[in-house]
Protein chains: 4
Amino acid sequence: MSVGRAAGPGGAPREADLRLEYKRVRAATVALCAGLVPEDMVAQSMDDCSPTKWHLAHTTWFFETFVLRAAAPGHVPFHPAFEVLFNSYYEAVGPFFPRPRRGVLTRPSVEEVMAYRARVDAAMDALLGAGVDAEVRARVVLGLHHEEQHQELILMDVKHLFAQSPLRPALRAAAAAASEGPAPPLGWCAGPTGVQAIGHEGAGFAFDNEGPRHRVFLVPFEIGSRCVTNGEYAEFIADGGYRRAELWLSDGWATVRRAGLAAPLYWETVDGAWWEMTLGGMRRLDPHAPVVHVSHYEADAYARWAGARLPTEAEWEVVAAGVEVAGNFVESGRLHPGAAPAGAGPQQLFGDVWEWTASAYSPYPGYRPAAGALGEYNGKFMSAQMVLRGGACVSPAAHVRATYRNFFPAGARWPFAGIRLARDR
Amino acid sequence: MSVGRAAGPGGAPREADLRLEYKRVRAATVALCAGLVPEDMVAQSMDDCSPTKWHLAHTTWFFETFVLRAAAPGHVPFHPAFEVLFNSYYEAVGPFFPRPRRGVLTRPSVEEVMAYRARVDAAMDALLGAGVDAEVRARVVLGLHHEEQHQELILMDVKHLFAQSPLRPALRAAAAAASEGPAPPLGWCAGPTGVQAIGHEGAGFAFDNEGPRHRVFLVPFEIGSRCVTNGEYAEFIADGGYRRAELWLSDGWATVRRAGLAAPLYWETVDGAWWEMTLGGMRRLDPHAPVVHVSHYEADAYARWAGARLPTEAEWEVVAAGVEVAGNFVESGRLHPGAAPAGAGPQQLFGDVWEWTASAYSPYPGYRPAAGALGEYNGKFMSAQMVLRGGACVSPAAHVRATYRNFFPAGARWPFAGIRLARDR
Amino acid sequence: MSVGRAAGPGGAPREADLRLEYKRVRAATVALCAGLVPEDMVAQSMDDCSPTKWHLAHTTWFFETFVLRAAAPGHVPFHPAFEVLFNSYYEAVGPFFPRPRRGVLTRPSVEEVMAYRARVDAAMDALLGAGVDAEVRARVVLGLHHEEQHQELILMDVKHLFAQSPLRPALRAAAAAASEGPAPPLGWCAGPTGVQAIGHEGAGFAFDNEGPRHRVFLVPFEIGSRCVTNGEYAEFIADGGYRRAELWLSDGWATVRRAGLAAPLYWETVDGAWWEMTLGGMRRLDPHAPVVHVSHYEADAYARWAGARLPTEAEWEVVAAGVEVAGNFVESGRLHPGAAPAGAGPQQLFGDVWEWTASAYSPYPGYRPAAGALGEYNGKFMSAQMVLRGGACVSPAAHVRATYRNFFPAGARWPFAGIRLARDR
Amino acid sequence: MSVGRAAGPGGAPREADLRLEYKRVRAATVALCAGLVPEDMVAQSMDDCSPTKWHLAHTTWFFETFVLRAAAPGHVPFHPAFEVLFNSYYEAVGPFFPRPRRGVLTRPSVEEVMAYRARVDAAMDALLGAGVDAEVRARVVLGLHHEEQHQELILMDVKHLFAQSPLRPALRAAAAAASEGPAPPLGWCAGPTGVQAIGHEGAGFAFDNEGPRHRVFLVPFEIGSRCVTNGEYAEFIADGGYRRAELWLSDGWATVRRAGLAAPLYWETVDGAWWEMTLGGMRRLDPHAPVVHVSHYEADAYARWAGARLPTEAEWEVVAAGVEVAGNFVESGRLHPGAAPAGAGPQQLFGDVWEWTASAYSPYPGYRPAAGALGEYNGKFMSAQMVLRGGACVSPAAHVRATYRNFFPAGARWPFAGIRLARDR
């Protein structure tokens, strides 16, 4: 369940001074944890989530395993057991501790993990100060993008954890304040058609799954001018959306029935009104903000109810290709989606919520994963997952770009994922 | 899990005399059951399978529900409970009996189901004799294609059932005789590239999911000249194929580990040699015949091991578009794949085994399901399934065509599915 | 889940002419199946049930394995695979086919199983005609008691199977007719106290778990004069019995919540009135007949609600010791419990319904299972089961006696089990 | 899974000065946690275990709910949500948080829980200083015995948690040192027979399930002179104990097969030698110490292999009745069983390991649970559990007595439970 993204408008900064960039990204991870006590950092609220402590250690393991072991002669591993404990899924590296059991690893403690980070950071600083070759440089850059993915996962997982507690704790009291104004009415924006090219090419970092750049053929379509709002989604619910089988994919309907779904993941009714759990604690539902924490099934059912459909990832990308990567990212501190601004053309393509597409996550024509363990980064997950695009309010800004392919199983609801509509023209 | 296909070279015969065609198809279903005792026809060996008796009744229910109730005024349903008992998954029609429990429905007996068939057949004969309008005609044609899908399911499900028994019974003693000669060496055939059109268009029956016809952009590729053989697949096994994580998609590897997979579904070792369960009982493995009963995961892993990949459904279709629909279908009575013939160009595209593609089952651009219950036929399954192409040795010949899109979850192994390789050029 | 019982008033008839008795018991098994079609005889409606066909074959396997193989030199097994297919749980005999999968064994067919029975019966007849020694004689007698247990299981399992079908078929149209009169009011009968002896001793057949006879110490108690009726149980339901945690054992309450229990297994409401599924099809609930198809948890909760408790098996046995073994057994053809007769002393101790006791199924002091495979008959089930006493309307009369210990897990509801109350004096 | 026990040699100290005793017991709980970091105190390693933090809070909740709310007018609950969060299973008090999810409750933090303890302790101190009536006094005494049960559970649960980690951390470096000398040879001690009395009576605390005292009839038996040792159990393993179906109860054998059991819970082989996880970390197996962390199934199978059986709880109690309650309890700081001393008569009856009996956990004749929520303490668990006797190396000495009835499901292996043999005389 590798989330993923990269170097904003070009990735140039990372290339400019990798040593500084390393410090910046690593510090940002730790800064996210402000407000957590050690108890919060060890718990795992479901199989798909990991403890914060594990994220802090695993991202460190990544640099120790793929950089220091390979490029820092004489590096002594911090602890012999960490190779297994903090390997996520790299079969080529060796065995790994079962993911659903990460929550029972109370040792190493948070303090020891922070010592592990400090030790690896010192070794990395020395290595980068001494200069590294292009292969090592590439691995460090990959490690930083990897760390940014885990920054987002930390926020997703903490939110899920806190939502289990009847106390509904807040990570940041100031997060998820009410949106400033009403969302503009939903409009439709035509996209380019015929033979178009998508995928990453050229300088700047991208994950291997974003390439090769290749041509596709698009029939005429248009895309919604903003994301679907909470208010619109509440109408779908009020219209019996969760009780009408004809709106749902068969697997989605089975999920609705089995789990008794009736609203997005974190919605609750309190005295007849909708509230939602946020990283700022319980908030009254803002009808103007984008709906978030819906599955692909819910996004698809909503679209069908609305007489539309979800965009394919190619449609999304050709529309987004010319748009500046700017929006409500993690740096805003909001940690929750907000109402779309008014404006010409599609808004909110970047930030706020990941947008479910109609595309299954498949290799692009000519795709080849890297050799060795790092080849396991993306390719082996190309099965039974759907592509999401655009980044969210918990994504680092520099991590997002138009070609970025995020992916999750169709039933996942804990990502910050929402809905953009599309339709044939 | 709707399988699907249609009217051979044009579908013309069905249009010509629908009353005769109705009799032909319905009789073919019953003929398949020769050799089964009533006990065989009631059992259900896993959730995805259905009892033969259920298939016999459900196909009849289809005509009663969608044709007779709609178009035969005064038609008295055979039994009031059958509407629920033999509805498969049509939510719009009403409730249905849970699929995994079909095996406990010992009543109605086989004899009563045959009486149900006779009663509906008589009413259909009268209706068709009196003449029907285009809408009803279309429903009857759909019903016949639907029945052919269940003919194939009957054979798949009986094979699975018989394989559970230590007695390993044969449906037909003569089935699955050894192939006549060696398979020709594997060659590679280049396909058309650039902007190409795929999908059904024009006269002749097709399921709704085969259209609309639309353009796609294909990069240069070539396709294997025949299906992968048992002998080749055995080399993959001998080379540790089921023990090497790097060859597998992550979900596939999890399946291999959880279920302890080490060979295709029906393979067994007897005194050190490979045997396989067939509809003719246990047979020594024929190294020249195509491997069959592999999952998408196994097909994908094999392809990776072989330095190749699976074709996309578009690649498969543009290659198959000009090829005559001929091959080892159910009419041969073989009920098992056989060695490919020698010849120029790709062989075995039709018949023998369904060929897993690299394509997730998604709607074509502009796809719209039909209104009402029949709209549930295909569209709602477009999630977490992979497309297969070409028909198999248990498919009726008239049911297969180049645009036909069969689909199953990536882990399914009880379909007669095998492997065709592709690679970039 | 071996049910069990034996030789009625002394077991003398069986000893008198074993050859005749063999024929009688074996014929009774087949006679029970009148009204079943082959489809009914192959299906398995839950893991704890077995197909009728399997019961018919397994009881035959018992004689072939434990008598003919041991005592009939030159006996050729009917089919080499049957040793595995029809072994229930005798580890010492060898592997056995997994119980929950018995429903997929469509072969051998019913016809073949009847041929198997005929062949074994012929061999047994020859053997018994020639005379057998005491050890063989004991095995034959055990086999007949074993067969009687399976006669009861056939009726339990067919009832469960038919209850799954929306058609609610009847095994016998005449079964379960309404009771003749009202049940007498519930009274209380004091039992013998102080040091008492229980358990089997002396001539006449008993299962090994019924002995050795031994002394127990009983404090003063009294026992209900008849079984709890449907009408009384309906009051418990109406009083919120299934919604009041304080009435239930912890495991029982968990079951109520998890499975949503709200009434005995086969009760249904039709237009506001209680009906129940019987072997005669759906019947309006008879308030005077004993409640049946309740679990130990339900029996225990009812008793607590009624201010009473369940009797221990020792209490039950010392009360029953002097009572004639007579009542509503399978020979009445009723196949359903009926209202208790009026009379002095406890009524309905034998027949109608098995009576849950407060006793866990444990070995009696000095208990030793037989050596070899037959030692697996009873002893290995002495864990997590509760004892039931007295026989039911589906038990053969000659099979029941005061010392008989039947046993099932506390949650089992498909046995014909009901409730007798007890209380301290 | 209420464990339970009480006031050592008479319970007099608790009665003498309840205020001091309250402080002593509460402080002992906290002292046990020395060496744990907050991360250790929040994790839950399986459904049957609870986080240390939860134990600390739940025992406090007990006093707040059953004493302060009832007897301290004006007491303001520490936090309104704690009533639900820290209720274990008292249905009469209200809803409770699901047990298997306790590990996701990261808030309140350990620090907050300690503040909760301090606040309740201050209120209790004031209440006890002011004097309380007999009913309140009885509840406080019960609360202290309850707290002692959770002291033992903390150690059981921490051990299980630490055993999940590849780091195998130690709670106390000094715990589980090697035994001092060889265990004496196993002898046999005859017990009293005929009519005997068991159960609690008279002054001194006991749980309700220990009474009423009543008479039982015992046939001649003798009991092992000490517990079964690791060395003896290793012989059972070496003799194929885990591969021989005939030694096992049916449910036990199913568990062995399903879970692949081959040794007690915490045994591991390292370079061909047996080691075991202890609260002092990994230790080489001491052949003289009692085997511990076996299930009832394992104890029963071992006994059968040894030609013996387990004692009933009545047999155990009449033997233990005259023996001083002394042994290896938690106060020794060893936290692991040690070799039995030599001596006349049965050794190790108290301390070291809980001893599985052959008795299912049932109510004694005349047993009545208390009214109200406290009536849920013991009685509702009298189903599908087995009785254990004698206390263990993690039990407080003052908590154990001869009439004490501990109970766990037959498959439980995380209690400190071992084996004492018995046999008929």
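Treat the numbers as computed from the prediction; the structure is a model and nothing was measured. Chain naming here is simple, since letters A, B, ... match the order of the sequence lines and numbering starts at 1 in each.
- Heavy-atom distances place both the backbone and the side chain of Val104(D) under 4.5 Å from chain A.
- For the side chain to side chain contact (heavy atoms under 4.5 Å, CB included) criterion with Thr106(D), the lone passing option out of Val158(A), Leu167(A), Thr52(A), Asp40(A) is Asp40(A).
- Taking all atoms of both residues into account, the shortest heavy-atom contact from Gly103(D) to Ala43(A) is O-CB, 3.6 Å.
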side-chain contact (heavy atoms from CB on, under 4.5 Å) evaluation trace for Val37(A) with Glu111(D)
CA-CA 10 Å; Val37(A) 292; Glu111(D) 193 179 327; over 6 Å; no

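- The minimum heavy-atom distance between Gly35(D) and Arg107(A), with the atom names listed, is O-NH2, 3.3 Å.
- Looking at Arg101(A), its side chain does come within 3.5 Å of a backbone N or O of Ser45(D) through a donor-acceptor pair.
- Residues Leu105(A) and Pro166(D) form a side-chain contact, since some pair of their non-hydrogen atoms from C-beta on lies under 4.5 Å apart.
- With a 4.5 angstrom heavy-atom cutoff, Pro169(D) touches chain A only via side-chain atoms.
- When heavy atoms are compared at a cutoff of 4.5 Å, Pro51(D) does not approach chain A at all.
- Note: Val110(A) leads Val110(A), Val84(A), Leu36(A) in heavy-atom pairs under 4.5 Å with chain D.
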